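Side-chain atoms are counted along with the backbone in the values below, which use heavy atoms only and exclude waters and symmetry mates. What you are looking at is a predicted structure, and each value in this text was computed from that prediction instead of being measured. A, B, ... follow the sequence lines: proteins, then strands. Residue 1 opens every chain.
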Amino acid sequence: MIETLKFVAFLLLKIVVITHVLLGAVAYTVWLERKLIGRMQNRWGPTRVGPFGLLQPIADGVKFILKEDMLPPGVNKPLFVLAPLLAVALGLTSLAVIPFGETVSQLGKLGALQISGFVRADGSIMDPGVGLLIILAVTSIGVYGIALAGWSSNSKYSLLGSLRASAQMVSYELSLGLSLVGVIMLSGSLSLRQIVDAQAGPFWHWNVFVGLQFIAFFIYLTAAYAETNRIPFDLPEAETELVAGYHTEYSAMKFAMFFMAEYANMFTASCVATLLFFGGWHSPLEGLVKYSLPPLLAALEPVFWFAAKIFVFIFVYIWIRGTLPRFRYDQLMAFGWKVLLPLAIANIVVTSLYVAWRTV
Amino acid sequence: MLHQALFFLIAAMCVAGAINLLLQRHPIHSALSLIVVMGSLALLYLLLGAEFVAMIQLIVYAGAIMVLFVFVIMLLNAGEEEHTRGSRMALWFGAPAVAAIVGMVVYVLTSNSTTLREVHLGAWASTTHDVAMPLFREYLLPFEVTSILILIAILGAVVLARREH
């Protein structure tokens, strides 16, 4: 009994810590984005609150909490409240299956660096056998947050925004799912941990350099940008046409929840790209350079590599936002269905031939 | 113990969602209740250890199909439906029909209880591998033929959509 309680308490602690790390990263990604976009546009970005504007996220958070929580007349109240909750909850759910390192052996059964991973008695790690599918499922359900927000707002801009969002996410989900099939075939597993283990070794073992998987990576990255509604695919909230799209009628913390959900989804997309294509937590020079670290640092070293790769992807997100203009709606649909989808299917055919050739 | 508690919780959620689907007057509310039903079915599969089927249930039904439902309802901006004479008639015929079907299922299950096999909650852990092996070996032909069936449905939809031009 005591053992069970201890297990549950540790598990809860792990969830709380990891969620807070993510939320902190989300807050500071907003800061980083404003800073970088500022530099790309030859201005400074936030500078007033704290050194380099570093306290800006905290000021923003306080402002979001203190603002009046408006409930416009004519909205469908239960769904209007449910929509941001759904968006942020689903945005954080995928975090449960993402592995970000091996084990910290000092922590015993819960030492696996993954919320839903547990260390077996022999030291190996048990994690969900369909981890990748869980992420895809959560992503596909994530549409409802945006769809319901637009519909329940009872406003034409919101409705148009959410219609665009649903159509876009359903269209790009196909290419997103199909682009990952090649990697699944190469590693022969849907468990994220096994997919990463299959890429152990120096950087040329990473899936992105195997076969023609860099094409799959390109498809995945493009589809992921569309799934997270980021520039150049941010039509659901196109300011020039739709005011703010699906969250036009939202204010204060409810608006902040959509914001958090969008950035949490960016992190999930970056995590999947890192795990599936860039060797997860493995160092790029693994096995080439020998060095020894104290035990705890050695256990946390993979986390460093994982975080570094995530940072690169977040940086690319921001870089692309500073570079590319928004697609037109018909271009978006034509690109998704006529370019990405056939390319993804061709990639599956080529990869299955490669896998067959490799096994013969 | 925990399995039983979870089963009854999820089953209650599933039934409540199904009843709410019928009681709600607004199409969006009904569609959302159906999503709850699909989601709880996925959880029941998960409870049986069928993780792959559970996730496919979520991706295909709760994700893809229901998103299209919600999308169409939003696009048409369908309002609250009124109870017509037809829907009252459906109630009069529907309620006894449901009772008859439930009675029949219970009768068949109880009368065959000796020949039917039991599945314990959480005892049957089926991996993706277990699903894939029979699907791509013994049942390869039916599986591929089904995909042609779906292709025909897609072509039919395209033909219907293009007729106006």
Side-chain angles (χ1 to χ4, degrees), chain A residues 4 8 76 78-80 82-83 86 90 93 97 116 126-154 156 158-171 173-174 176-177 184-185 188-191 194 227 246, chain B residues 1-2 20 24-36 38-43 45-46 49-80 125-133 136 147 151 154 158:
Chain A
T4 317
V8 171
N76 185 320
L79 294 184
F80 189 76
L82 177 73
L86 208 60
L90 290 171
T93 306
V97 289
S116 57
M126 179 181 79
D127 80 322
V130 287
L132 186 59
L133 287 185
I134 294 177
I135 291 185
L136 288 180
V138 171
T139 323
S140 74
I141 297 174
V143 189
Y144 291 120
I146 292 175
L148 291 180
W151 183 80
S152 65
S153 294
N154 200 10
K156 56 187 170 193
S158 305
L159 185 64
L160 282 173
S162 66
L163 281 178
R164 279 185 183 185
S166 328
Q168 174 179 327
M169 287 168 95
V170 170
S171 308
E173 219 173 72
L174 280 172
L176 185 114
I184 298 169
M185 279 193 287
S189 172
L190 288 168
S191 144
Q194 283 174 23
E227 283 288 304
Y246 60 90
Chain B
M1 180 56 208
L2 188 63
N20 196 41
Q24 288 292 339
R25 289 233 180 143
H26 203 291
I28 283 261
H29 294 160
S30 296
L32 290 177
S33 315
L34 191 52
I35 297 168
V36 172
M38 302 289 187
S40 13
L41 277 181
L43 289 177
Y45 293 148
L46 209 55
E51 44 182 23
F52 182 75
V53 180
M55 286 308 129
I56 294 302
Q57 166 83 12
L58 270 186
I59 294 173
V60 174
Y61 288 95
I65 292 180
M66 287 316 296
V67 167
L68 287 181
F69 266 65
V70 172
F71 183 78
V72 169
I73 294 171
M74 274 169 30
L75 195 67
L76 300 178
N77 212 358
E80 296 208 355
S126 87
T127 58
T128 315
H129 189 259
D130 297 336
V131 178
M133 276 306 156
F136 287 101
S147 66
L151 185 70
I154 295 172
V158 170

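Residues B:Glu51 and A:Val130 come closest through the heavy atom pair CB-CG2, 3.8 Å. For the residue pair A:Ser162 and B:Met74, the shortest heavy atom distance occurs at OG-CE, 3.5 Å. Nearest heavy atom pair, residue A:Leu163 against residue B:Phe71, reads O-CE1, 3.2 Å.
No side-chain heavy atom of A:Trp151 sits less than 4.5 Å from a side-chain heavy atom of B:Ile73.
Heavy-atom pairs under 4.5 Å with chain A peak, among B:Val70, B:Ile56, B:Leu75, at B:Leu75. In terms of heavy-atom pairs under 4.5 angstrom with chain B, the leader among A:Leu136, A:Thr139, A:Leu79 is A:Leu79.
Of the two parts of A:Leu133, the backbone and the side chain both hold a non-hydrogen atom closer than 4.5 Å to a non-hydrogen atom of chain B. Residue B:Leu32 touches chain A through its side chain alone, counting heavy-atom pairs closer than 4.5 Å. Proximity to chain A involves both the backbone and the side chain of B:Val67, based on heavy atoms less than 4.5 angstrom apart. Residue A:Leu174 does not touch chain B at all, counting heavy-atom pairs closer than 4.5 Å. Looking at A:Val143, only its side chain comes within 4.5 Å of chain B, counting heavy atoms on both sides. Neither the backbone nor the side chain of A:Ser189 comes within contact range of chain B; no heavy atoms are under 4.5 Å apart. For B:His129, no part lies near chain A; criterion is any non-hydrogen pair under 4.5 Å.
In this structure, B:His26 NE2 and A:Asn76 CG are separated by 7.0 Å, a value rounded to the nearest 0.5 Å. Rounded to the nearest 0.5 angstrom, B:Met66 CE and A:Ser140 OG are separated by 12.5 Å. Atom CD1 in A:Ile141 sits 8.5 Å away from atom CD1 in B:Ile35 (nearest 0.5 Å). How far CD1 of A:Ile134 is from CG of B:Leu58: 9.5 Å, rounded to the nearest 0.5 Å.
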